[in-house]
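So the structure is just underneath, and the comments pick up after that.
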Amino acid sequence: MKQEKTRVRFAPSPTGPLHIGGVRTALYNYLFTKQHQGDFVLRIEDTDSQRFVPGAEEYIINAFSWLGISFDEGPHQGGNFGPYRQSERRSIYRQYVEQLLNEKSAYIAFDTPEQLEAKRNEIPNFQYDASTRMSMTNSLTLSKEKVQEMIDAGKQYVVRIKIEPGQTVVVNDIIRGKVSVDSSILDDKVLYKSSDRLPTYHLANIVDDHLMEITHVIRGEEWLPSAPLHVILYKYLGWEETMPRFAHLPLLLKPEGNGKLSKRDGDRLGFPVFPLQWNDSKTGDISSGYRESGYLPEAVINFLALLGWNPGTEKEIFSIQELIDAFSLEKCSKSGAKFDYKKGEWFNHQYIQLKSDKEIAELFLPVLKENNIETSVDEKLMKIVGLVKERVNFVKELWEQSSFFFVAPTSYDEKTVKKRWKEDSSEKLNRLYAVLESLTDFSAENTETIVKLWMEQNEYHLGNIMNVFRLALVGEAKGPHIFDITEIIGKEETLKRLKKAISVLG
Ligand code: GLU
């Protein structure tokens, strides 16, 4: 038997910035299809013109390009199954609407919003279905002539699917197993609206998945309730044989685990829920993004990959290729995944350590510039990065950890002064000054050997002197190994800082 080629799609609606949950859905699609040497399609589901937001499609494309996830086909790059924007596929859908109407699997309904509202008030839990459709204004209750007359008169209508009640609809879900639903609970969903001559999500989605030869539909759990309707549509359209397989991914939950993750959680706890910053042109609101907050794309990918999928081992750090190799839908969880944003920070920390000092130094340059330090990626900068990077979760925090390499302290931390600066500190530092001044080799190793020897000979207490020495160099009680600092700032600067501390504090 010919092995079918795996084809999956990510099908966002351009209604605003892409939520991080959407990014995870796209990532799982990508990992799955790349493991099977398959294709990854981007399809823009823009049939709801009222919710269309300019810039949203571009945002989606930029977000994935930042993350390093590439599509094989899509609106921006084309492909053999285009167009990839549903608004450009209008003419394609019409024939399937006709087919469903001709086969009596769907019908035309003229009920106005007011009429529907009146029904809702009249019948508790009103649903447009087999139990109510014969009391509504539609092609099942009106004569053929009347229907035509109303259409000709320009009356707006919708096309609704005709659900047969009392049937068992089975959705075979790779993650959830067999999900059976009684068709009686389903309503006659709208498939097409004459007002904008466009199908609704349900019809367009099925037609496109079929025509684009999608083999697996991997999407968020919020679409599980729609899946039985989709299965029925595949049947009605005669495409049951080639129906894609479904996998509904677990929801991303609030960090506390109760309820769905929302933008408000991010605002409340201070983490982004969008991949890139989003500027809302209507409200002027700016929502923070992972990129702008200083996350490395690899860290975001690794973090998201483990939110809902468990490799079954202790391993946590995965390169994208390792993820592709290890991923499996069968190992995805059925229950929601708590959005542990602290773990996201942890991943960022890990990826900063994994990157070379040179790469991190490159990323550090703009931060330095903001602080008026003009430098380039040289030996010195790489050394500084190497000395402090284990202390940070984000590149921007490197400044806080290393500013004293670039600028001498202008003040001395009061608490540290109180605790460390003793009666004899001035005198000791003056002596240390003389020792350092005599050195010709100012390497960390040599300076450390000589200074330690000097302290031993004089029976000085190591801690006492080192603490005030650090205070003089850094301005507070922090920073890496002291002789690494002196080597980097050099002899002249070291002596200058010592002299200043003595004159200010002594
Ligand atoms: N357009 C839908 C969305 O915005 C796609 C759902 C699906 O993948 O079927 O999520």
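- Note on Lys478 versus Glu400: salt bridge recorded, some NZ/NE/NH1/NH2 to OD/OE distance being below 4.0 Å.
- The environment of CZ in Arg268 is crowded: more than 12 heavy-atom neighbours from other residues, nucleotides or ligands sit within 6.0 Å.
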>> side-chain contact (heavy atoms from CB on, under 4.5 Å) for Thr6 and Gln37? Distances and angles first, verdict last.
In response: CA-CA 7 Å; Thr6 299; Gln37 286 85 43; over 6 Å; no

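- Residues Gly386 and Asp357 share a closest heavy-atom pair of CA-OD2, 3.4 Å.
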>> Between Glu487 and Lys383, does the salt bridge (charged side-chain N to carboxylate O under 4.0 Å, His left out) criterion hold? Intermediate values first, please.
In response: CA-CA 10 Å; Glu487 179 184 302; Lys383 233 186 208 164; 2.6 Å; yes

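- One N or O on the side chain of Asp173 and one on the backbone of Ile175 form a donor-acceptor pair closer than 3.5 Å.
- Lys342 is listed as a side-chain neighbour of Glu345, based on a closest heavy-atom distance under 4.5 Å.
- In the model, Asn446 has no side-chain atom that pairs as donor or acceptor with a side-chain atom of Glu448 under 3.5 Å.
- Only one option out of Phe318, Phe32, Phe303 pairs with Trp309 in a ring pair (Phe, Tyr, Trp, His ring centres under 6.0 Å); it is Phe318.
- When each of Asp72, Asp209, Asp39, Thr215 is tested with Arg7 by the rule side-chain hydrogen bond (donor to acceptor under 3.5 Å, both in side chains), just one qualifies, namely Asp39.
- Looking only at side-chain heavy atoms (C-beta outward), Met382 and Val377 come within less than 4.5 Å of each other.
- Contact of the Val273 side chain with the Asp265 side chain is not registered, since no non-hydrogen atoms from C-beta on lie closer than 4.5 Å.
- The heavy-atom pair separating Lys338 from Pro255 by the smallest distance is CD-O, 3.3 Å.
- Under the 3.5 Å distance criterion, with hydrogens and angles disregarded, no donor-acceptor pair is assigned to the side chains of His76 and Glu58.
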> When you look at Lys343 and Glu316, which way does the salt bridge (charged side-chain N to carboxylate O under 4.0 Å, His left out) test go after all the steps?
Replying inline: CA-CA 11 Å; Lys343 190 79 192 191; Glu316 289 191 284; 2.5 Å; yes

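- Taking both residues in full, the closest heavy atoms of Cys332 and Leu249 are given as SG-CD2, 4.4 Å, listed atom of the first, atom of the second, then distance.
- Scanning both residues, Pro480 and Phe404, for their nearest heavy atoms gives CD-CZ, 3.7 Å.
- Salt-bridge check for Lys355 with Glu298: passed, with a basic side-chain N closer than 4.0 Å to an acidic carboxylate O.
- Screening Ile301, Leu67, Leu307 for a side chain to side chain contact (heavy atoms under 4.5 Å, CB included) with Leu27, the sole residue that qualifies is Ile301.
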>> For Tyr28 and His216: C-alpha separation, side-chain torsions, deciding distance, then whether ring-ring contact (aromatic ring centres under 6.0 Å, His included) applies.
In response: CA-CA 11 Å; Tyr28 282 18; His216 296 77; over 10 Å; no

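- Taken to the nearest 0.5 Å, the CZ atom of Arg391 stands 11.0 Å off from the NE2 atom of His349.
- We find that Glu493 and Arg497 are joined by a salt bridge, their nearest charged nitrogen and carboxylate oxygen being less than 4.0 Å apart.
- Listed here is the closest heavy atom pair of Gly220 and His248: O-CD2, 3.5 Å.
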>> With salt bridge (charged side-chain N to carboxylate O under 4.0 Å, His left out) as the criterion, how do Glu397 and Lys389 come out once you've worked through the C-alpha distance, each side chain's angles and the decisive distance to 0.1 Å?
In response: CA-CA 9 Å; Glu397 293 171 354; Lys389 73 176 185 183; over 6 Å; no

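- Residue Thr494 holds its OG1 atom at 10.5 Å from CD1 of Ile488, rounded to the nearest 0.5 Å.
- A side-chain N or O of Gln321 and one of Asp325 form a donor-acceptor pair less than 3.5 Å apart.
- Side chains of Arg89 and Pro83 form a contact here, defined as non-hydrogen atoms less than 4.5 Å apart.
- For Phe64 and Tyr30, the ring centers sit 6.0 Å or farther from each other.
- Centroid-to-centroid, the aromatic rings of Trp421 and Tyr412 stay 6.0 Å apart or farther.
- Separation of atoms CG (Leu473) and CZ (Phe483) is listed at 9.5 Å; rounding is to 0.5 Å.
- The shortest side-chain heavy-atom distance between Phe40 and Phe10 falls under the 4.5 Å cut-off.
- Atom CG of Leu363 is separated from atom CG of Leu368 by 11.5 Å, given to the nearest 0.5 angstrom.
- Atom-to-atom distance recorded for Arg85:CZ and Thr47:OG1 is 14.0 Å, nearest 0.5 angstrom.
- With rounding to the nearest 0.5 angstrom, the CG atom of Asp196 is 4.5 Å from the CG atom of Leu198.
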>> Working note: Asp413 + Val417, criterion side-chain contact (heavy atoms from CB on, under 4.5 Å); need CA distance, chi angles, decisive distance, verdict.
In response: CA-CA 6 Å; Asp413 178 58; Val417 173; 5.7 Å; no

>> Using ring-ring contact (aromatic ring centres under 6.0 Å, His included), reason through Phe394 and Tyr295 one step at a time and then give a plain yes or no.
In response: CA-CA 7 Å; Phe394 297 98; Tyr295 283 83; 4.9 Å; yes

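- The environment of Asn80 atom CG is sparse: at most 12 non-hydrogen atoms of other residues, nucleotides or ligands sit within 6.0 angstrom.
- The shortest distance between side-chain heavy atoms of Tyr59 and Pro275 falls below 4.5 Å.
- Side chain of Ser333 to backbone of Ser335: a donor-acceptor contact under 3.5 angstrom is found.
- Here His230 and Tyr201 bring their ring centres to under 6.0 angstrom of each other.
- What you find for Trp66 and Leu296 is that their closest heavy atoms are CZ2-C, 4.3 Å.
- Residue Lys315 qualifies as enclosed at atom NZ: its count of foreign heavy atoms under 6.0 Å is above 12.
- Looking only at side-chain heavy atoms (C-beta outward), Leu42 and Glu73 stay at 4.5 Å or farther from each other.
- The existence of a salt bridge linking Arg431 and Glu427 is confirmed by a sub-4.0 Å separation between a basic side-chain nitrogen and an acidic carboxylate oxygen.
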> Between Leu253 and Phe339, is a side-chain contact (heavy atoms from CB on, under 4.5 Å) present by the stated rule, with each step listed?
Replying inline: CA-CA 6 Å; Leu253 304 176; Phe339 196 79; over 6 Å; no

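- For Lys260 and Glu221, the salt-bridge test fails: no basic side-chain N is under 4.0 Å from an acidic carboxylate O.
- Both the sub-6.0 Å distance and the 45° axial angle are satisfied by Lys428 relative to the ring of Tyr460.
- Between the side chain of Lys396 and the main chain of Ser293, a donor-acceptor pair closer than 3.5 Å is present.
- In this structure, Lys331 fails the cation-pi test against Phe327, since its NZ or CZ atom is not both closer than 6.0 Å to the six-membered ring centre and inside 45 degrees of the ring normal.
- Look at Glu476 and Arg420 and you find no salt bridge, because none of the NZ, NE, NH1 or NH2 atoms lies under 4.0 Å from a carboxylate O.
- Side-chain contact check for Tyr290 versus Ile20: some heavy-atom pair is nearer than 4.5 Å.
- Put simply, the residue from Val451, Ile482, Asn464, Val474 that forms a side chain to side chain contact (heavy atoms under 4.5 Å, CB included) with Phe469 is Ile482.
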